[in-house]
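These figures come from a predicted structure and were not determined experimentally.
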Amino acid sequence: MRQRKVGLVMLCVSMLLMGWSMTMSSASFFGKHQNRHGRKSMLPVEASSSLELNRVGSSVVFPVHGNVYPIGSYNVTLNIGQPPKPYFVDPDTGSDLTWLQCDASCRRCTETHHPLYRPSNDFVPCNDPLCESLHSPRAHGCDDKEQCEYEINYADGGSSRGVLVRDAFSFNFASGSQQKRRLALGCGYYQVPGASDHPMHGVLGLGRGKASIVSQLSSQGLMRNVVGHCFSGGGGGFLFFGDELYDSSRIAWTPMSQDYPEHYSPGFAELIFGGKSTGLKNLFTVFDSGSTYTYLCSQAYQALTSWIKKELNGKPFKEASDDRTLPLCWKGRKPFKSLRDVKKYFKSLALIFANDGRAKTQFELAPEAYLLISDKGNVCLGILNGTEAQLQDCNLIGDISMQDKMVIYDNEKQVIGWVSANCDQQPKSSRFSIR
């Protein structure tokens, strides 16, 4: 089965194994799991009065390519360097650092569709705050004080090792203007492909830490520290930085958990099935754009699959054990052409977040948000057993469940929001079409 990397919440393991220490970057709190089911450059910083923008009115939009199935991955294009060159990266809210496979005597790099990144000589020194943010205090230290080394290890066996550099990033703003900023990124000279490896140049880290690209842009006064994405159920969509592309009053908001500041987590949820409480509560939940599918802990997963099978009993479905697309698929009397053929047989789900005792917020999952039609014409469950995927008791909301929704991570107000939206339409202003 070919499936996109999933941001694995390693914190969940450490919650069970107290005393477990971590010496890698904050990005490695999220691993990637394949469920088989300094010299300073003299390059100028391009600056003008137009760069000193009002932070309220600045947003960058990136077209998104790919889909949940059959490709199993999404990517956006970053234009980096002087002159700028395009690089395809995996947008991941589960990690902070943006890194590219680097043509700097690359000792080991994986397949890409285009030449590797040629880095600048503008190295980030070891004592830079960005470097410090990527290491735990006890582990921070560099062999070369003029360089910042990083190493990210992923749960699927993949990894990246390299040094931090600064280079010029070119951005197209929603207003129509184009700007350049020098930002830090990882120059990866040693990559080990994981089980879920895809031919991309690297990863676009969108997490809550200082090293993320949007955090760096925000610290330079260019925009608010807000990240959002809108993945279309038909494939593609868009990613954005900044807060001018939506009407905040029409978004369902819930606070980010302050107990788990490394993650985009609203805390604990209650699972609803067919509009009724399941009794399953206290489900620690994380939003993760680095996960193709949604994951529930074993208790919730087993209960959910049992309820679904009970609902399908006596209906024209039979388990398709020969379909390896996902662990659980069903066939009909004839191949299904689309989810329209089957969604009436499946009930909606929801996760309800308590909002620290205030009014509850509900994240709804219609059948389209957890089912797919395989290439064999069967309907498959896009919710997987997170405990089997080494997530312990963590629950991940993956891309399949965020399709046709604008999902927003506001790091300044410390809230996560969502609203149904037409993700096929590229936004230009706050008048963007939401359903």
Side-chain angles (χ1 to χ4, degrees), residues 3-4 58-79 86 88-93 171-176 178 198 200 204 206 214 226-252 287-294 336-344 346 348-349 363-375 379-380 382 397-410 416-435:
Q3 172 186 327
R4 189 184 182 197
S58 306
S59 290
V60 177
V61 180
F62 304 86
V64 169
H65 303 281
N67 57 38
V68 168
Y69 182 83
I71 296 175
S73 67
Y74 285 101
N75 71 83
V76 299
T77 302
L78 293 180
N79 293 293
F88 304 127
V89 291
D90 182 350
D92 184 13
T93 59
F171 297 106
N172 295 318
F173 284 79
S175 62
Q178 295 182 331
H198 288 84
M200 295 189 194
L204 172 57
L206 301 173
V214 70
V226 178
V227 178
H229 54 71
C230 200
F231 301 137
S232 170
F238 61 89
L239 170 79
F240 64 91
F241 300 162
D243 67 345
E244 70 169 357
L245 300 179
Y246 55 89
D247 180 353
S248 182
S249 67
R250 301 182 67 181
I251 310 297
F287 285 77
D288 185 9
S289 71
S291 171
T292 305
Y293 299 111
T294 290
F336 301 118
K337 295 182 179 180
S338 75
L339 288 175
R340 289 190 297 271
D341 298 336
V342 299
K343 66 179 184 179
K344 66 181 180 181
F346 292 83
S348 293
L349 312 177
F363 186 87
E364 297 183 2
L365 290 84
E368 296 92 334
Y370 67 88
L371 299 172
L372 61 82
I373 302 299
S374 74
D375 58 5
V379 58
C380 298
I397 298 176
D399 296 339
I400 190 170
S401 300
M402 295 189 282
Q403 292 178 117
D404 298 319
K405 289 183 176 69
M406 180 186 283
V407 181
I408 303 160
Y409 313 91
D410 189 329
I416 303 171
W418 53 85
V419 65
S420 295
N422 178 7
C423 299
D424 295 316
Q425 175 187 342
Q426 294 293 307
K428 295 183 179 179
S429 70
S430 60
R431 294 184 295 274
F432 170 71
S433 173
I434 57 181
R435 295 168 179 169

> Where do V227 and L239 land on the side chain to side chain contact (heavy atoms under 4.5 Å, CB included) test, with the steps shown first?
Replying inline: CA-CA 8 Å; V227 178; L239 170 79; 4.2 Å; yes
Which pair of non-hydrogen atoms, one from [X] and one from [Y], has the smallest distance, and what is that distance?
{"X": "D288", "Y": "T93", "value": "CA-OG1, 3.5 Å"}
{"X": "D424", "Y": "S232", "value": "OD1-OG, 2.7 Å"}
{"X": "L245", "Y": "P427", "value": "CD1-CG, 4.0 Å"}
{"X": "V60", "Y": "F173", "value": "CG2-CE2, 3.6 Å"}
{"X": "V61", "Y": "A174", "value": "CG2-CB, 4.2 Å"}

Tell me every residue that passes side-chain hydrogen bond (donor to acceptor under 3.5 Å, both in side chains) with [X], counting only those two or more places apart in sequence or in another chain.
{"X": "E368", "result": "K343"}
{"X": "S338", "result": "none"}
{"X": "S348", "result": "none"}
{"X": "N172", "result": "Q178"}

So do [Y] and [X] actually touch side chain to side chain, heavy atoms under 4.5 Å?
{"X": "H65", "Y": "F88", "value": "no"}
{"X": "F231", "Y": "C423", "value": "no"}
{"X": "L339", "Y": "F346", "value": "no"}
{"X": "I397", "Y": "M402", "value": "yes"}
{"X": "S73", "Y": "T292", "value": "no"}

> Can you check side chain to side chain contact (heavy atoms under 4.5 Å, CB included) on N75 and D90, steps first, answer last?
Replying inline: CA-CA 5 Å; N75 71 83; D90 182 350; 6.0 Å; no
>> Set out, in order, the CA-CA distance, both residues' side-chain angles and the distance that settles side chain to side chain contact (heavy atoms under 4.5 Å, CB included) for M406 and F238, then state yes or no.
In response: CA-CA 9 Å; M406 180 186 283; F238 61 89; 4.0 Å; yes
>> Between L206 and V214, does the side chain to side chain contact (heavy atoms under 4.5 Å, CB included) criterion hold? Intermediate values first, please.
In response: CA-CA 7 Å; L206 301 173; V214 70; 5.5 Å; no
>> So, using ring-ring contact (aromatic ring centres under 6.0 Å, His included) as the criterion, who are the partners of Y409 when residues are at least two apart?
In response: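 If we apply the ring-ring contact (aromatic ring centres under 6.0 Å, His included) test to Y409, skipping adjacent residues, the hits are H229, Y264.
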> How would you list, by chain and number, every residue that makes a ring-ring contact (aromatic ring centres under 6.0 Å, His included) with F62, sequence neighbours excluded?
Replying inline: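 Per chain and number, F62 pairs via ring-ring contact (aromatic ring centres under 6.0 Å, His included) with F241.
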> side chain to side chain contact (heavy atoms under 4.5 Å, CB included) with S374: which residues, sequence neighbours excluded?
Replying inline: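 For S374 the side chain to side chain contact (heavy atoms under 4.5 Å, CB included) partners, ignoring immediate neighbours, are Y69, D323, T325, K376, N378, C380.
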> Between F287 and W418, how do the two ring planes meet: parallel, tilted or perpendicular, split at 30° and 60°?
Replying inline: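 F287 and W418: parallel rings.
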